[in-house]
**Student:** 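Mind looking over this structure? Questions follow.
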Protein chains: 2
Amino acid sequence: MRALIVEDDPDLRRQLKDVLDHAGYAVDEAGDGEEGWFLGDTEPYDAVVLDLGLPRLDGVSVLERWRSAGKDFPVLILTARDRWSEKVAGFDAGADDYLTKPFHPEELLARLRALTRRAAGHTTSTIEIGNLSVDTRGARVFVGDKLVKLTSHEFRILSYMIHHRERVISRTELVEHIYDQDFDRDSNTIEVFVGRLRKKIGQDRIETVRGLGYRLVDPAANERARAG
Amino acid sequence: MRALIVEDDPDLRRQLKDVLDHAGYAVDEAGDGEEGWFLGDTEPYDAVVLDLGLPRLDGVSVLERWRSAGKDFPVLILTARDRWSEKVAGFDAGADDYLTKPFHPEELLARLRALTRRAAGHTTSTIEIGNLSVDTRGARVFVGDKLVKLTSHEFRILSYMIHHRERVISRTELVEHIYDQDFDRDSNTIEVFVGRLRKKIGQDRIETVRGLGYRLVDPAANERARAG
DNA sequence: GCGCGCGCTGAACATCATCTGAACAGCTCT
DNA sequence: AGAGCTGTTCAGATGATGTTCAGCGCGCGC
């Protein structure tokens with residue numbers, strides 16, 4: 001974890017650095033707003049501790065510049081004054097947390113932990129096979145860069161297949177996962193859907209294994225390894 | 001946005017509810033730890049305000065149970081006492097922010113905004129998609145540079161959608177986050193609102209994904225690459 | 001090579017989700 | 001109480017979507 005401290009009071013800055021150092025952060029320091037802004041704009045920090053009263057460029061402005069430049073690291077704001085209106089301004093400029101001096105080192109660390117913990121919780125939701133990519137949250141499918149419109153059931157089937165890639169999936173397995181309990185067992189609905197899917201995403205992306213079911217494959221990788 | 005208040009003092013609870021109501025949240029209330037835990041375990045909240053001193057089950061325990069059950073909504077902790085050791089315990093139990101009584105309503109709102117904003121992966125209080133920009137603080141919406149007047153619920157829906165941009169949002173998800181506990185589940189209110197929204201911000205900005213729900217998109221970016 | 005069945009496909013059909021306009025109800029402000 | 005705004009309900013229209021069906025191609029076992 002890499003942290004930036006922007007604080008003009010040398011004593012407090014030193015104290016902050018000690019605390020963060022001790023907690024295992026790699027710490028950079030800045031003594032005024034300009035320097036702080038530059039560092040934050042340049043280096044990839046995991047957390048920033050920012051004083052509001054700063055020479056050369058005040059804290060809220062620094063924060064606004066970062067945010068409008070797309071920087072999204074968590075920022076914890078410090079101030080000596082306990083004025084709620086300033087806190088509100090800080091929050092709306094994009095701060096994630098706030099601490100009033102004097103504070104207890106343990107509390108600063110706890111807040112930083114909370115911030116970095118939450119910032120880490122971003123996961124992707126698109127699965128790819130070859131140049132076919134399925135965005136499971138957005139319910140969208142791309143072939144290359146081209147958006148393909150699928151109906152609800154088509155998407156469910158493709159989604160299930162791509163979650164079990166390179167495996168043969170039987171018709172009944174599909175039926176059981178697409179529909180609830182009772183569904184007419186002999187019906188060729190699945191075949192119709194697979195047919196429509198093939199038309200939309202490309203014929204060679206879904207292989208049919210006669211007597212067993214279907215398999216989703218990467219057509220480009222087919223030439224490479226062919227066993228039987 | 002839907003919020004839960006867990007607070008045993010009836011006066012303070014009423015005051016909190018008023019503040020959040022007025023800010024456009026759909027608010028549920030709980031008077032003790034057990035009830036609060038149950039609601040948080042059952043309903044999908046976007047933010048929780050949790051008192052630490054509670055009858056039946058104390059706040060830290062409630063929070064710990066939620067977190068170990070995988071609940072990841074942002075939690076803001078309240079306490080009358082200014083004891084930092086309790087704050088630290090709260091943070092390490094999984095709290096995202098902390099406020100000491102007495103507090104200024106504006107500050108509570110600012111902190112909640114910061115929490116929900118970050119939980120959705122955004123850093124500033126105005127969120128844009130294409131030339132549509134939503135100021136979550138001022139509750140104002142612009143198409144290009146033209147101000148659009150939205151009613152309270154229209155704004156709530158658009159606000160929730162833009163916090164979860166490029167994702168399909170089901171009708172029930174919308175209902176659960178726009179309204180509090182008791183609401184007639186089958187009603188086409190949402191459809192009516194979406195229709196009115198489309199009339200105000202442009203037809204092609206809200207796609208309907210049949211059988212799944214709606215998706216807020218940038219109509220200009222139809223051919224462009226995908227997001228993660 | 002031959003026939004059997006499995007799987008494919010196009011079109012027709014039925015259904016269901018969603019949209020839309022309008023009316024109604026509730027609240028606030030004067 | 002009345003006017004205006006907002007949220008909710010309702011019913012009919014509409015079109016996309018799921019399902020069925022019948023005919024055909026073709027691989028597979030014999």
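Numbers restart at 1 for each chain; the letters A, B, ... are given by sequence-line order, proteins then strands.
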**Student:** Rounded to the nearest angstrom, tell me the gap between atom CZ in Arg198(B) and atom C1' in dT18(C).
**Tutor:** 9 Å
**Student:** Can you find a heavy atom in the side chain of Phe142(B) that is under 4.5 Å from one in the side chain of Val134(B)?
**Tutor:** no
**Student:** Can you spot which of Leu112(B), Leu4(B), Ile77(B), Val6(B) makes a side chain to side chain contact (heavy atoms under 4.5 Å, CB included) with Val49(B)?
**Tutor:** Leu112(B)
**Student:** How close or far is atom C1' of dT9(C) from atom CG of Leu197(A), stated in whole angstroms?
**Tutor:** 15 Å
**Student:** Any idea how His164(A) and His177(A) line up, ring-wise: parallel (<30°), tilted (30 to 60°), or perpendicular (>60°)?
**Tutor:** tilted
**Student:** Taking OP1 and OP2 of dC6(C), is either one under 4.0 Å from a side-chain nitrogen or oxygen of Tyr214(A)?
**Tutor:** no
**Student:** Which one, dG18(D), dT8(D), dT18(C), comes nearest to the side chain of Phe193(B)?
**Tutor:** dT8(D)
**Student:** What is the distance, rounded to the nearest whole Å, between atom CD1 of Ile178(B) and atom C1' of dG7(D)?
**Tutor:** 13 Å
**Student:** Between the base of dT19(D) and the side chain of Arg196(A), is there a donor-acceptor distance below 3.5 Å?
**Tutor:** yes
**Student:** Mind calculating the distance between OH (Tyr179(A)) and C1' (dT15(C)) to the nearest angstrom?
**Tutor:** 14 Å
**Student:** Using a cut-off of less than 4.0 Å, is there contact between a side-chain N or O of Ser187(B) and OP1 or OP2 of dT9(D)?
**Tutor:** yes
**Student:** Check step by step if ring pair (Phe, Tyr, Trp, His ring centres under 6.0 Å) holds for Tyr179(A) and His153(A).
**Tutor:** CA-CA 9 Å; Tyr179(A) 300 95; His153(A) 277 37; 5.5 Å; yes
**Student:** For Lys149(B), report the nucleic acid contact type (base, sugar-phosphate, nothing); a contact means any heavy atom under 4.0 Å.
**Tutor:** nothing
**Student:** Starting from C1' on dG27(D), measure out to CZ on Arg210(A) and report it in whole angstrom.
**Tutor:** 5 Å
**Student:** Is there a side-chain contact between Asp8(B) and Asp32(B) (heavy atoms, below 4.5 Å)?
**Tutor:** no
**Student:** Taking the side chain of Arg171(A) as heavy atoms from C-beta outward, which of dT8(D), dG7(C), dT18(C) is closest to it?
**Tutor:** dG7(C)
**Student:** Expressed as a whole number of angstroms, how long is the span from Gln203(A):CD to dC26(D):P?
**Tutor:** 13 Å
**Student:** Would one find a side-chain N or O of Lys199(B) under 4.0 angstrom from OP1 or OP2 of dT20(C)?
**Tutor:** no
**Student:** Rounded off to whole Å, could you give me the CD-to-C1' distance for the Glu191(B) and dC10(D) pair?
**Tutor:** 12 Å
**Student:** OP1 or OP2 of dT9(D) less than 4.0 angstrom from a side-chain nitrogen or oxygen of Thr189(B), does that happen here?
**Tutor:** yes
**Student:** Once you round it to whole Å, what is the distance between C1' of dT28(C) and CG of Asp21(B)?
**Tutor:** 16 Å
**Student:** Should Tyr25(B) and Asp46(B) be marked as a side chain to side chain donor-acceptor pair (under 3.5 Å) after you check the CA-CA gap, both sets of side-chain angles, and the distance that decides it?
**Tutor:** CA-CA 9 Å; Tyr25(B) 287 86; Asp46(B) 301 294; over 6 Å; no
**Student:** Give each protein N/O atom lying under 3.5 Å from an N/O atom of nucleotides 21-24 of chain D, with the pair distance.
**Tutor:**
unit_1	atom_1	unit_2	atom_2	d
dC21(D)	N4	Asn188(A)	ND2	3.3

**Student:** Phe155(B) near the nucleic acid: base, sugar-phosphate alone, or nothing, with a heavy-atom cut-off under 4.0 Å?
**Tutor:** nothing
**Student:** With DNA chain D as reference, determine whether Thr151(B) or Leu150(A) sits nearer its 5' end, using the nearest nucleotide of each.
**Tutor:** Thr151(B)
**Student:** Would you please say whether a donor-acceptor pair under 3.5 Å links the side chains of Arg111(A) and Tyr98(B)?
**Tutor:** no
**Student:** State whether the side chain of Lys200(A) and the backbone N or O of Val148(A) hold a donor-acceptor pair below 3.5 Å, judged by distance alone.
**Tutor:** no
